[in-house]
Amino acid sequence: MRPAVTEGAGTDPDTRPPRRQGERRGGTVVVKFGGHAMVDAGLQRSFARDVVELRHAGLRPVVVHGGGPQISAMLGRLGLESRFEAGLRVTTPETMEVVRMVLTGHVQRDLIAHINTQGPFAVGLSGEDAHTMTAVRRPAWVDGHPVDIGLVGDVVDVRPGLLRALLEQGHIPVVSPVARGEDGQVYNVNADLAASALAVALDAERLVMLTDVEGLYSDWPHSTDVIERLTADALDELLPELESGMLPKMEGCLRAVRGGVRRAHVLDGRVPHAVLRGALDGTGPGTTVVPDDCPDRGSGVVRPSGRPGARGLLPARDHGIPDVKATAGL
């Protein structure tokens with residue numbers, strides 16, 4: 001039997017966006033917390049209130065956090081270089097030690113503290129705990145060629161049992177994107193792709209990713225017009241043209257929707273209550289990716305043009321990386 005919801009601070013119930021028709025009460029929403037909101041105290045508090053409000057609204061939020069700014073700051077203090085390829089951090093063994101320490105020992109703890117000011121809900125874990133996520137080493141792909149980026153992993157197996165147990169007990173899991181491989185090595189996993197893998201394994205209703213821009217631009221840098229909705233196939237076509245910072249987010253959205261998640265949103269995390277609007281009724285400020293056979297995709301949705309898609313980018317097995325699987329049990 002699920003525990004009773006404890007009422008607490010949150011958005012006025014009369015102003016909550018309603019759940020979309022057909023969306024399951026108790027449905028899981030995976031939220032990737034990142035970008036400027038992670039280093040702005042006011043946005044951190046607002047995010048924490050919104051996540052708890054999702055719980056009060058009958059949904060089951062799971063938070064996956066990044067930590068890029070904090071990791072870069074710590075690396076700088078230690079005299080270590082921060083370098084990226086195709087939006088992924090080049091991770092040496094020395095960098096991996098810092099990544100693990102900052103994500104699980106600093107960023108996660110701060111986020112849990114913010115959420116738990118609204119009630120005793122948040123519980124922290126990483127992909128290492130109970131083998132929740134297993135990863136294999138992955139390259140970055142630059143101009144169609146693989147580039148070695150060190151101890152960076154792609155999730156190939158998710159054991160959702162611990163997360164499901166926490167959700168059933170009324171908790172809000174807060175997950176650090178660090179995972180162990182079958183080789184015993186610990187890997188730095190991009191938080192966008194970790195959130196996507198968890199959303200698929202948990203059969204989530206929605207994946208919500210927060211970022212520092214208004215959404216996916218239709219013709220960046222020549223235009224700031226945002227694509228509000230597009231199909232998975234249309235996104236597949238666009239991936240090779242995306243800037244490196246947006247690439248992991250949109251790759252994660254594509255993996256999620258093709259893996260069964262009903263909607264994937266990339267939202268402007270600088271806008272107050274973007275998470276509530278995106279998770280509850282899909283009207284958040286940003287871009288929504290829908291399945292190709294979505295019955296209510298609407299007349300304004302961007303559809304594929306017939307151009308070649310992201311060959312070699314997706315699905316994951318095109319890189320020689322197995323598809324993510326979900327393993328039953330704890």
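Predicted, not measured: the structure shown is a model, and the values here were computed from it.
Between D129 and R159 the shortest side-chain heavy-atom distance does not fall below 4.5 Å. Considering only heavy atoms from C-beta on, D50 stays 4.5 Å or farther from V31 through its side chain. Contact check for E214 versus R270: side-chain heavy atoms found under the 4.5 Å cut-off. Between N188 and L151 the shortest side-chain heavy-atom distance does not fall below 4.5 Å. With contacts defined as side-chain heavy-atom distances shorter than 4.5 Å, the pair T287/V226 qualifies. When side chains are defined from C-beta on, M101 counts as touching M74, because their heavy atoms get closer than 4.5 Å. M246 places a side-chain heavy atom less than 4.5 Å from the side chain of V266.
Of all heavy-atom pairs spanning C253 and M209, the tightest one is N-CE, 4.2 Å. Closest non-hydrogen pair, L88 versus P139, comes out as CD1-O, 4.4 Å. The minimum heavy-atom distance linking A86 with V142 is given by the pair CB-CG2, 4.4 Å. Taking both residues in full, the closest heavy atoms of G67 and V107 are given as CA-CG2, 4.4 Å, listed atom of the first, atom of the second, then distance. Of all non-hydrogen atoms in V98 and I71, the two that sit nearest each other are CG1-O, 4.4 Å. Here the closest non-hydrogen pair linking G87 and N190 is O-ND2, 4.2 Å.
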Evaluate D236 against R258 for side-chain contact (heavy atoms from CB on, under 4.5 Å), listing each step before the verdict. CA-CA 11 Å; D236 194 1; R258 285 186 168 169; 3.1 Å; yes
Evaluate the side-chain contact (heavy atoms from CB on, under 4.5 Å) criterion for residues L230 and L216: first the C-alpha distance (whole Å), next the side-chain angles of each, then the deciding distance (0.1 Å), finally the verdict. CA-CA 10 Å; L230 76 167; L216 179 61; 4.3 Å; yes
Check the pair V290, V257 against side-chain contact (heavy atoms from CB on, under 4.5 Å), reporting the backbone distance first and the verdict last. CA-CA 7 Å; V290 299; V257 170; 5.9 Å; no
Going through the checks in order, is the side-chain contact (heavy atoms from CB on, under 4.5 Å) test met by V289 and M250? CA-CA 9 Å; V289 182; M250 301 315 300; 3.9 Å; yes
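The pair D203-R262 does not count as a salt bridge, with every side-chain nitrogen at least 4.0 angstrom from each carboxylate oxygen. Salt bridge status for E251 with R255: present, with a side-chain N to carboxylate O gap under 4.0 Å. The pair D183-R137 does not count as a salt bridge, with every side-chain nitrogen at least 4.0 angstrom from each carboxylate oxygen.
For T95, the side chain to side chain contact (heavy atoms under 4.5 Å, CB included) partners at least two apart in sequence or on another chain are L75, R89, T91, T92, V99. Residues passing the side chain to side chain contact (heavy atoms under 4.5 Å, CB included) test with D40 are H36, L43, sequence neighbours excluded. Listed by chain and number, the residues in a side chain to side chain contact (heavy atoms under 4.5 Å, CB included) with D225 are S218, S223 (sequence neighbours excluded). Residues passing the ring pair (Phe, Tyr, Trp, His ring centres under 6.0 Å) test with Y187: none are found, sequence neighbours excluded. Partners of A197 by side chain to side chain contact (heavy atoms under 4.5 Å, CB included), not counting sequence neighbours, listed by chain and number: V155, V158, V324.
Remark: I149 CD1 to R138 CZ distance equals 6.0 Å, nearest 0.5 Å. Here the CD atom belonging to E168 is positioned 4.5 Å from the CZ atom belonging to R60, to the nearest 0.5 angstrom. Here L202 contributes atom CG and T28 contributes atom OG1; the two are 5.5 Å apart, rounded to the nearest 0.5 Å. Once rounded to the nearest 0.5 Å, the distance linking CG of L198 with CE of M133 reads 5.0 Å. Between the CG atom in L254 and the CG atom in D233 there is a gap of 8.5 Å [rounded to 0.5 Å]. Between the OG1 atom in T288 and the CZ atom in R206 there is a gap of 7.5 Å [rounded to 0.5 Å].
Checked by atom type and distance alone, the side chain of T117 pairs as donor or acceptor with a backbone atom of H114 at under 3.5 Å. Remark: the backbone N or O of A122 is not paired with any side-chain donor or acceptor of H171 at under 3.5 angstrom.
Linking Ile, Leu, Val, Met, Phe, Trp and Tyr whenever their side-chain heavy atoms come within less than 4.5 Å puts V213 and L242 in one cluster. Cluster annotation: L267 and L193 are assigned to distinct hydrophobic clusters (Ile/Leu/Val/Met/Phe/Trp/Tyr, side-chain heavy-atom contacts under 4.5 Å, transitive). In the hydrophobic clustering of ILVMFWY residues, with side-chain heavy atoms under 4.5 Å counting as a link, L162 and V189 come out together. Hydrophobic clustering places Y217 together with I227 (ILVMFWY residues linked when any side-chain heavy atoms are closer than 4.5 Å, directly or through intermediates). Residues V63 and L54 share a single hydrophobic cluster, defined by chaining ILVMFWY side chains whose heavy atoms lie under 4.5 Å apart.
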Return all side-chain donor-acceptor pairs below 3.5 angstrom for residues 172-181, not counting sequence neighbours, or 'none' if the list is empty.
| from | atom 1 | to | atom 2 | distance (Å) |
| --- | --- | --- | --- | --- |
| S176 | OG | H65 | NE2 | 2.7 |
| S176 | OG | L103 | O | 3.4 |
| S176 | OG | Q108 | NE2 | 2.9 |
| R180 | NH1 | G184 | O | 2.7 |
| R180 | NH2 | E128 | OE1 | 3.1 |

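Between F33 and F47, the angle of the ring planes stays under 30°, which puts this pair in the parallel group of the 30/60° scheme.
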